[in-house]
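Quick notes on the structure that follows.
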Protein chains: 2
Amino acid sequence: MNDLAGKIQDAELEVMRVLWEKADAMSLIDIRKILSDRCGWEDSTIKTLLRRLLDKGIVRLEKRGVYSPVVTRDEYIQWSTHTFINKIFSGSAKNLVATLVSNEQLDEKDIKELSAMFNAGEKNE
Amino acid sequence: MNDLAGKIQDAELEVMRVLWEKADAMSLIDIRKILSDRCGWEDSTIKTLLRRLLDKGIVRLEKRGVYSPVVTRDEYIQWSTHTFINKIFSGSAKNLVATLVSNEQLDEKDIKELSAMFNAGEKNE
DNA sequence: CTTAAAAGTTTACCAGTGTAATCTACTGAA
DNA sequence: TTCAGTAGATTACACTGGTAAACTTTTAAG
């Protein structure tokens, strides 16, 4: 799924979040329950969104009334991060992080923890 | 410009890139030259995009035929980074960076350099 | 077997976007 | 003063996305 089969739209993403929260396949009933509550959407809206996700191959119909994600949350995160960095930082993840640091979107505590990660990673060099 | 006055669209962003590349205000002539070359757009397309940017308050008409950005590149980068992190990482910049590290979107060299930044920042704690 | 409820399908409608043609208004040069 | 060439404004048109109604098919319960 290189272009994520045409991108997950904002409203569709809301549906995916629900599916991703559950490890298993989910019934329309449960999906509806959560989404009508969380987003105030009508039944038909939810069905439309699921249909679009099916069409894009992002979701699969396990059996009548039961859906499960084809694209995993991790895949999506990775893809969207990649896309974002390309668009805004010309593909340089480093520049992104440097920007975060100078804009203080990472606090002292974050930096400590990340430093630890970095140093851990550095050992196999 | 909290919501960046209704968001800069992809095609519009291409126009902004041109304006941002130059410190000064730019003439339509120069904008057109670059964009028709870079994107293969017709004259009218470029004028439409500039109009939309004007309407959104993202660009200003300095005088007849001369445009300059109202939103700076840095503002845009900051805003879009913020928006992205909210959408995908529930607002946690740290999680973003952690993901970059585990997905190896940062290489050893990047990490070294960033570590240095981090350590430099850590002194005033 | 019949039927109501749930699921799936078709159609709709508006705003926004990518892309552009055309028409109108200025303005500087002759 | 007039006119050609820019610049700006209006209109267009197809496609997508957010939101949903209405219609059709399937299925489980009685």
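Chain letters run A, B, ... following the sequence lines, proteins first, then strands; residues in each count from 1.
Nucleic acid contact class of A/Leu61 (heavy atoms, under 4.0 Å, all strands): sugar-phosphate only.
Side chain B/Arg52 to base D/dT10: no donor-acceptor pair is found below 3.5 Å.
Atom P of nucleotide C/dG18 and atom CD1 of B/Ile46 are separated by 14 Å, given to the nearest angstrom. Distance CD1 (B/Ile29) to P (D/dA7): 4 Å, rounded to an integer number of Å. As rounded to whole Å, 6 Å separates atom P of D/dT27 from atom CZ of A/Arg64. Following rounding to the nearest Å, A/Glu14 (CD) and D/dA20 (C1') show an atom-to-atom distance of 18 Å. One can place CG of B/Asp43 at 13 Å from P of C/dT22, the figure rounded to the nearest angstrom. Protein atom CG of A/Leu50 is 14 Å distant from nucleotide atom P of D/dT19, rounded to whole Å. Protein atom CZ of B/Arg32 is 16 Å distant from nucleotide atom C1' of C/dT19, rounded to whole Å.
B/Lys56 has a side-chain polar atom (N or O) that falls below the 4.0 Å cut-off from OP1 or OP2 of C/dT17. Taking side-chain N and O atoms only, B/Ser44 has a distance below 4.0 Å to OP1 or OP2 of C/dA21. The side chain of B/Thr45 contributes no N or O atom lying less than 4.0 Å from OP1 or OP2 of C/dT19.
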Under the salt bridge (charged side-chain N to carboxylate O under 4.0 Å, His left out) rule, what do B/Glu21 and B/Arg38 come out as? Steps first, then yes or no, please.
CA-CA 14 Å; B/Glu21 275 161 21; B/Arg38 190 181 289 181; 3.0 Å; yes
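Here D/dT19 is the nucleotide among C/dT19, C/dG8, D/dT19 with the atom lying nearest to any side-chain atom of A/Ala11.
One finds the CD1 atom of A/Ile88 at 3.5 Å from the OH atom of B/Tyr76 (value rounded to the nearest 0.5 Å). Here the NZ-CG distance, from B/Lys22 to B/Asp30, works out to 6.5 Å after rounding to the nearest 0.5 Å.
Each of A/Leu49 and B/Lys47 was assigned the nucleotide of DNA chain D with the nearest heavy atom; the assignment lying further toward the 5' end belongs to B/Lys47.
Grouping the Ile, Leu, Val, Met, Phe, Trp and Tyr side chains by contacts below 4.5 angstrom, directly or via other members, places B/Val59 apart from B/Val66.
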